[in-house]
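Have a look at the structure below, then the notes.
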Amino acid sequence: MLDAKLIRANPSAVEKELQKRNIKGALDKYLLLDDKRRSLLLRVEELKNFRNTSSQEVGKIKKQGGDATPLMEKVRQVGQEIKDLDDELKTVEVEMEQILLNIPNLPHQSVPVGPDETTNQEISRWGEPLQFDFEPQAHWDIGPNLDILDFERAAKLSGARFTVYKGAGARLERAVINFYLDIHTMQHGYREILPPFMVTGDCMIGTGQLPKFAEDMFKLEGKEMYLIPTAEVPLTNLYREEVLEAADLPIYVTAYTPCFRAEAGSHGRDTRGVIRQHQFNKVELVKIVAPEDSYEELEKLTANAEKVLQLLKLPYRKVLLSTGDMGFSSAKTYDLEVWMPSYNDYKEISSCSNCEDFQARRANIRYRPAARGKLQYVHTLNGSGVAIGRTVAAILENYQQQDGSVIIPEILRPYMGGMEVIKRV
RNA sequence: GGAGAGAUGGCCGAGUUGGUCGAAGGCGCUCGACUCGAAAUCGAGUAGGCGGCUAAGCCCCGCCUCGUGAGUUCGAAUCUCACUCUCUCCGCCA
């Protein structure tokens, strides 16, 4: 949520920033309502002041044994007027809030301006895409051939966009989860969290999924509860409605969770394999930090995500998203894209964002700065550290051998009970 | 699922025959004194939000907030109702 005061103080500057995100005229109605709100507020507060002082007067008169009836009658009438104005005010405020909740974050100055992913900026590359001396297969062929991924039976159970992992496939998925968690907790200083996989609508508003992206979510029948689309939601909302001490910051947390996404509007995209699923596993990194540190923390968080790809020796590149391709809550986002032979291209495997105070404002997460006592919103960051299913797909494709077997990356072998290669059994 | 108790400031915790309570006390925090310095001690300050005033900030003024939402009343932390959550006991259960 944007700062209402900022909008009022400098609407044209905000409007200009929003235009970078292809959003126009979002503030027009808001500003009109803001004027209306203030004039209503002025009137109703005046009446309330009269009511308050008069009520005290009534108390005094009664105490002295006087007759307060005329004054009481007068205040009673004012009371009705107050109620009407309050109702009107409430309507305006609800409308204003709905507008604000649907406006995305403002991009940071360092973010390239552009309409979509074509204007993203490649920052760096790590590793070299393998040159195979045979025709490489896609993971959606490798997996079934090794009998470790089963898309057909998954469809029988749950329909399209689900995968059953079997044998070494299931074990590999679990190995990657444990490997990532170990690295982030033991080497990068994150605290491991195992959160609920279902959260309230308030949490979804807090991190920005609601109200705008309701159709992307799985909602529980008859309840105000949602399956989490990412651990960012429970991890960030851990601190919702809280006031943190300066000494508590920065907070680094990580969690493995499954993620559930309806994938409405992505029909026909990435239909094969595990790339785009209704349920997938992910290890997420979240930071709660003081505002002045957040951009430095973004670099570090992104480096933490890069590290696990490096340890797996998977070629990837780091991309700075342009204004047109960024997520709703983000001010600046780096994507990590892993090399996928089946796509003959790099494919997103991590997204690391600084949301600044956008989520903190929605979720009301504040802290008390050490020096002066005034409360401030924290900055929140999140990043995949990294997606598990896509990691497994990348391993299958990048480590495949001519005979259809797959070498297990060395660093994962301890997590695989020493297994070195996955072969058809 | 049944019965009971509770929800107050960053935290703990008083306050329920309705009026001077946004709220005692404590902790924490900030500043000051003492000290070579620290601890201890002493003194002072310390809720949040919205709006007005202002060029802006500080003051100052007003409004709102004692789980949430309605209601009674001239007036509600205090009374009524509904809801949410927490705790205790019982039942069920991995």
Side-chain angles (χ1 to χ4, degrees), chain A residues 1-11 13 30-101 194-206 220 222-226 234 237-249 251 288 290 357 360-378:
Chain A
M1 190 152 56
L2 299 184
D3 183 355
K5 284 180 183 159
L6 178 70
I7 296 177
R8 187 188 301 152
N10 208 339
Y30 180 87
L31 291 167
L32 286 175
L33 288 169
D34 188 46
D35 281 343
K36 187 175 177 185
R37 169 172 179 270
R38 264 180 298 166
S39 67
L40 281 171
L41 202 56
L42 229 50
R43 272 201 287 157
V44 79
E45 283 187 358
E46 202 175 322
L47 294 177
K48 281 179 179 173
N49 180 237
F50 171 75
R51 180 173 68 183
N52 290 344
T53 51
S54 299
S55 294
Q56 284 184 5
E57 192 65 24
V58 168
K60 280 183 201 155
I61 293 172
K62 285 194 166 178
K63 198 174 251 177
Q64 294 166 0
D67 177 18
T69 319
L71 186 54
M72 283 161 66
E73 181 53 36
K74 201 170 170 187
V75 177
R76 194 203 313 272
Q77 287 166 10
V78 171
Q80 186 55 47
E81 202 177 336
I82 289 173
K83 188 180 275 185
D84 293 343
L85 284 171
D86 263 342
D87 286 347
E88 201 179 339
L89 191 60
K90 185 74 186 274
T91 308
V92 171
E93 285 179 342
V94 165
E95 210 174 335
M96 288 173 72
E97 189 178 17
Q98 283 311 306
I99 292 173
L100 270 194
L101 285 175
L194 183 59
F197 302 158
M198 297 178 239
V199 297
T200 63
D202 287 338
C203 290
M204 290 297 206
I205 289 172
L220 300 192
K223 294 200 186 292
E224 219 18 64
M225 295 276 281
Y226 299 80
N237 279 286
L238 234 32
Y239 304 97
R240 190 158 53 88
E241 307 289 345
E242 289 195 26
V243 176
L244 304 166
E245 294 298 326
D248 296 336
L249 305 180
I251 293 170
I288 312 282
D357 65 2
R361 202 177 290 280
R362 289 173 160 248
N364 198 27
I365 309 172
R366 294 170 298 174
Y367 83 110
R368 194 178 296 281
R372 290 281 293 178
K374 193 76 177 163
L375 300 188
Q376 274 185 41
Y377 289 109
V378 298

[X] side chain: which of [options] is closest?
X        : options             : value
A/Val243 : B/G52, B/C74, B/G10 : B/G10
A/Lys83  : B/U72, B/G49, B/U20 : B/U72
A/Lys48  : B/G51, B/U20, B/C63 : B/C63
A/Lys62  : B/G51, B/C74, B/C63 : B/C74

Suppose you measure atom [atom1] in [N] against the same atom in [M]; what distance do you get, rounded to whole Å?
N     : M     : atom1 : result
B/G22 : B/A76 : P     : 11 Å
B/U65 : B/G9  : C1'   : 11 Å
B/G57 : B/C66 : P     : 28 Å
B/A82 : B/A23 : P     : 32 Å
B/C79 : B/U16 : C1'   : 9 Å
B/G2  : B/G91 : P     : 16 Å
B/G4  : B/C21 : C1'   : 30 Å

[X] [atom1] - [N] [atom2] separation (whole Å):
X        : N     : atom1 : atom2 : result
A/Arg43  : B/C63 : CZ    : C1'   : 15 Å
A/Met96  : B/G51 : CE    : C1'   : 12 Å
A/Glu242 : B/G10 : CD    : C1'   : 11 Å
A/Leu375 : B/G48 : CG    : C1'   : 7 Å
A/Leu47  : B/G51 : CG    : P     : 19 Å
A/Lys60  : B/G75 : NZ    : P     : 17 Å
A/Glu224 : B/C85 : CD    : P     : 13 Å

Judged by each residue's nearest nucleotide on RNA chain B, which is more toward the 5′ side, A/Arg366 or A/Arg8?
A/Arg366

Which comes earlier along RNA chain B counting from the 5' end, the contact point of A/Tyr377 or that of A/Lys90, where each point is its nearest nucleotide?
A/Tyr377

Looking only at side-chain N and O atoms, does [X] come under 4.0 Å of OP1 or OP2 in [N]?
X        : N     : value
A/Arg76  : B/U73 : no
A/Asn52  : B/C63 : yes
A/Arg368 : B/A47 : no
A/Asn49  : B/C63 : yes
A/Lys5   : B/C50 : yes
A/Asn364 : B/G48 : no

Checking A/Tyr226 against A/Glu224: is there a side-chain donor and acceptor pair closer than 3.5 Å?
yes

Verify whether one side chain among A/Thr69 and A/Asp67 offers a donor that lies under 3.5 Å from an acceptor in the other.
yes

Please confirm whether the backbone N or O of A/Ala363 pairs with a side-chain atom of A/Arg240, one donor and one acceptor, at under 3.5 Å?
no

Heavy-atom donor-acceptor pair, A/Asp357 side chain to A/Tyr377 backbone, under 3.5 Å
no

Considering only NZ, NE, NH1 and NH2 on the basic side and carboxylate oxygens on the acidic side, decide whether A/Arg76 and A/Glu73 come within less than 4.0 Å.
yes

Before accepting this row, confirm whether a basic side-chain N of the pair A/Asp87/A/Lys83 lies closer than 4.0 Å to the acidic partner's carboxylate O.
no

A/Leu71 near the nucleic acid: base, sugar-phosphate alone, or nothing, with a heavy-atom cut-off under 4.0 Å?
nothing

When we call it a touch if two heavy atoms are under 4.0 Å apart, what does A/Leu244 touch: a base, just sugar-phosphate, or nothing?
nothing

Which heavy atom of A/Lys62 sits nearest a heavy atom of A/Ala68, and at what distance?
CG-CB, 4.3 Å

Given the structure, check if the side chain of A/Gln56 and the base of B/G19 hold any donor-acceptor pair shorter than 3.5 Å.
no

